[in-house]
Amino acid sequence: MPPRGITGGRGRSWTCAVGSKRGVGVAIKRSNKAHKDDPLPHARLHDLRHVHATTLLLAGVPVHVAAARLGHADPSITLRVYAHVIRAAEASAADIFAQAIGE
């Protein structure tokens, strides 16, 4: 029997806390039932993957390291998908540098 989890491309498998493809949705629904006044937004497992990648890149993790964590064969894939995040971080870095030199 194959391991429980979500099978990605090329035979890779990602295991989620609940152990099924619908695991994230089920966890969110259960949380929303328990916390009606403070519900979580709907999210797919792939949405959480994007949050993870974006958080890493905005925190300054090098692209090749984030690419390896995401399972991308080449960092250029990560650069293409998350170019907007990297551009935003570059603009922020330019602002910080300008402040540091007193402009």
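From a predicted model like this one, the values you see are computed outputs, not experimental measurements.
In terms of hydrophobic clustering, with Ile, Leu, Val, Met, Phe, Trp and Tyr side chains grouped at heavy-atom distances under 4.5 Å, Leu79 and Leu58 are assigned to a common cluster.
Rounding to the nearest 0.5 Å places CZ of Arg49 at 12.0 Å from CG of Asp47. Atom-to-atom distance recorded for His52:NE2 and His46:NE2 is 12.5 Å, nearest 0.5 angstrom.
Listed here is the closest heavy atom pair of Ala67 and Pro75: CB-CA, 3.8 Å. Shown here for Val61 and Leu57, the closest heavy-atom pair between the two residues is O-CD2, 3.9 Å. Minimum heavy-atom separation, Pro39 to Asn32: CA-OD1, 3.2 Å.
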Test side-chain contact (heavy atoms from CB on, under 4.5 Å) on Thr78 and His64 and set out the steps. CA-CA 8 Å; Thr78 310; His64 71 281; over 6 Å; no

From CA spacing to verdict: side-chain contact (heavy atoms from CB on, under 4.5 Å), Leu70, Tyr82: CA-CA 12 Å; Leu70 294 168; Tyr82 297 99; 4.1 Å; yes

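At least one donor-acceptor pair under 3.5 Å links the side chain of His35 to the backbone N or O of Ser31.
In this structure Val51 satisfies the side chain to side chain contact (heavy atoms under 4.5 Å, CB included) test together with Thr55, sequence neighbours excluded.
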